[in-house]
Undergrad: 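I have a structure here, written as C-alpha cells, and I will follow up with some questions on it.
Naming convention: chains lettered A, B, ... in sequence-line order (proteins, then strands); numbering from 1 in each chain. What you see below is based on every heavy atom in this structure, not just the backbone, and it leaves out hydrogens, waters and symmetry mates.
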Protein chains: 2
Amino acid sequence: MRIGELAERAGTTTRTLRYYESRGLLPARRSGNGYRTYDEDDVRLLEQIRTLQDFGFELEETRPFVECLRSGHPAGDSCPASLDVYRRKLAELDALISELSAVREQVGAQLVRAEAAVPGGPDPQCELTG
Amino acid sequence: MRIGELAERAGTTTRTLRYYESRGLLPARRSGNGYRTYDEDDVRLLEQIRTLQDFGFELEETRPFVECLRSGHPAGDSCPASLDVYRRKLAELDALISELSAVREQVGAQLVRAEAAVPGGPDPQCELTG
DNA sequence: GTAATCCTTGACGTGGGCGTCAAGGCCAGT
DNA sequence: ACTGGCCTTGACGCCCACGTCAAGGATTAC
C-alpha cells in the first residue's frame, strides 16, 4: 500500500509518516515510480508508535518497541528495553503527577484565601441570614 | 535600580525582563542614558509573575494579577479576573492530573502484563523455591 | 488530452519562554 | 587612556512533532 492509505488506516497524516521515516523509525520500500510502499507489518509498527505517542511517549521512546517488533517478537513490549522505557515512563508520570498535585493544592489554597478576602465574594448568606 | 539588579533580586535574567517588557507585562521607565529603571513596585510585580510562572501559569495568565497589583490592590489576586484565572487553572490541573493518572494506570497495566509474558523476568523464586 | 488525485522533495511556520551571540554605547576605576 | 563591567537593540537558535505551502512528477478516469 502507499503512504496515503497507511496514513488513513492509522488515523494520521502522510506528513507524519514521512517525519517518522526521516527519524529512521519507519523506513519505506520504494516502488518503481519512487512512491513509498508499505505492508501489513508496517501497519503494526505504526499502530505501536501511535499508541505510545497517544500515551505521551516521545518518539525516541517508541524506538525500542518498534525494533522489538521488527526483530520478530510478538509484541512491541516483549523486549527488556521496552520494559525499561515503561518503567522510566511510570517514574516520570508519578513525579509529574505529584508535582502537579502539589501545585493544585497551592493554587486551591490561594483561591480559598483570596476569595475570603474579596468583599461580596464567596458565601454571602452566612452573614445575610444571621 | 537597573535591569541587572532587578533580575538578580528576582532570581531571573535580564533577557527575561526584556521579554516581559516586550510582552507589555513589565514596562520600564528610562533614565537619561537610555537604561531601564525599576523601583520596588516593579520588584513586587516581577515576584508575582515569577511565582505564577513557577506554578506553570502561562505569561498571559499572569497579566490580570499584574494589572491588579498595578491598579493599587494589596495583592495580585485581589481582583475577580485573577480569581477566574485561578479557577480555570484548577480545572486545567484537575483535567491534566486525571488524564495523566489514567495514562499511568494503562502503562502500569501494560508493564505488569508484559513482565508476566517475559521469561525469567518478574518473580523467578516462586517456581525455583517450589 | 486533460482533469483529478495521488505522489515526490524542500523548506518555512508553529508555540512559549526564553538562551545566546553580535555590535556597539555609557560609566567607574586607575 | 584604557580596561572592565554594565547597558542597548536586533536577531537567530532551541525543543518537538508535526502543519502547511510550493513546485513538480505519476497514475487513473473519462
Undergrad: Given C:dC7, is OP1 or OP2 found less than 4.0 Å from the side-chain N or O atoms of A:Thr14?
TA: no

Undergrad: Would you kindly give the CG-to-C1' distance between B:Leu6 and D:dC6, to the nearest whole Å?
TA: 15 Å

Undergrad: Please state whether the phosphate of C:dC27, meaning OP1 or OP2, lies under 4.0 angstrom from any side-chain nitrogen or oxygen of B:Arg2.
TA: no

Undergrad: Send over the distance from A:Ile49 CD1 to D:dC16 P, rounded to a whole Å.
TA: 17 Å

Undergrad: Has A:Arg30 got a side-chain N or O lying under 4.0 Å from the OP1 or OP2 atom of C:dT9?
TA: yes

Undergrad: If each of A:Leu17 and A:Tyr35 is mapped to the nucleotide of DNA chain D with the nearest heavy atom, which maps nearer the 5' terminus, i.e. the 5' end?
TA: A:Leu17

Undergrad: Looking at every heavy atom in both B:Ala7 and B:Thr14, which two are closest together, and how far apart are they?
TA: CB-N, 3.7 Å

Undergrad: Is it the case that B:Lys89 places NZ or CZ above or below the six-membered ring of B:Phe57, under 6.0 angstrom from the centre and within 45 degrees of the axis?
TA: yes

Undergrad: Determine: side-chain N/O of A:Thr13 to OP1/OP2 of D:dG19, distance under 4.0 Å, yes or no.
TA: yes

Undergrad: Is B:Tyr20 close enough to C:dC18 that one of its side-chain N or O atoms is under 4.0 Å from OP1 or OP2 there?
TA: yes

Undergrad: Report yes if a side-chain nitrogen or oxygen of B:Arg36 is closer than 4.0 Å to either non-bridging phosphate oxygen (OP1 or OP2) of D:dC7; otherwise report no.
TA: no

Undergrad: Using a heavy-atom cut-off of under 4.0 Å over every strand shown, decide if A:Arg18 touches base, sugar-phosphate, or nothing.
TA: base

Undergrad: Considering only NZ, NE, NH1 and NH2 on the basic side and carboxylate oxygens on the acidic side, decide whether B:Glu92 and B:Arg87 come within less than 4.0 Å.
TA: no

Undergrad: Specify the separation, in whole Å, of atom CZ of A:Arg15 and atom C1' of D:dC18.
TA: 6 Å

Undergrad: Grab the CG-C1' distance between A:Leu26 and D:dA17 for me, whole Å please.
TA: 15 Å

Undergrad: Is any side-chain N of the basic residue among A:Arg30 and A:Glu21 closer than 4.0 Å to the acidic one's carboxylate O?
TA: yes

Undergrad: Quickly work out the A:Ile3 CD1 to C:dT5 C1' distance and round it to whole Å.
TA: 15 Å

Undergrad: Under 4.0 Å from OP1 or OP2 of D:dC18: is there any side-chain N or O of A:Gln53 that close?
TA: yes

Undergrad: For A:Glu5 and for B:Asn33, find the nucleotide of DNA chain C with the closest heavy atom, then tell me which residue's nucleotide is more 5'.
TA: A:Glu5

Undergrad: Can A:Phe65 and A:Tyr86 be said to form a ring-ring contact (aromatic ring centres under 6.0 Å, His included), step by step?
TA: CA-CA 10 Å; A:Phe65 295 80; A:Tyr86 274 158; 5.1 Å; yes

Undergrad: Just the rounded figure in Å: distance from C1' of D:dC7 to CZ of B:Arg29.
TA: 17 Å

Undergrad: Whole angstroms only, please: what is the CG-C1' distance between A:Leu46 and D:dA17?
TA: 14 Å

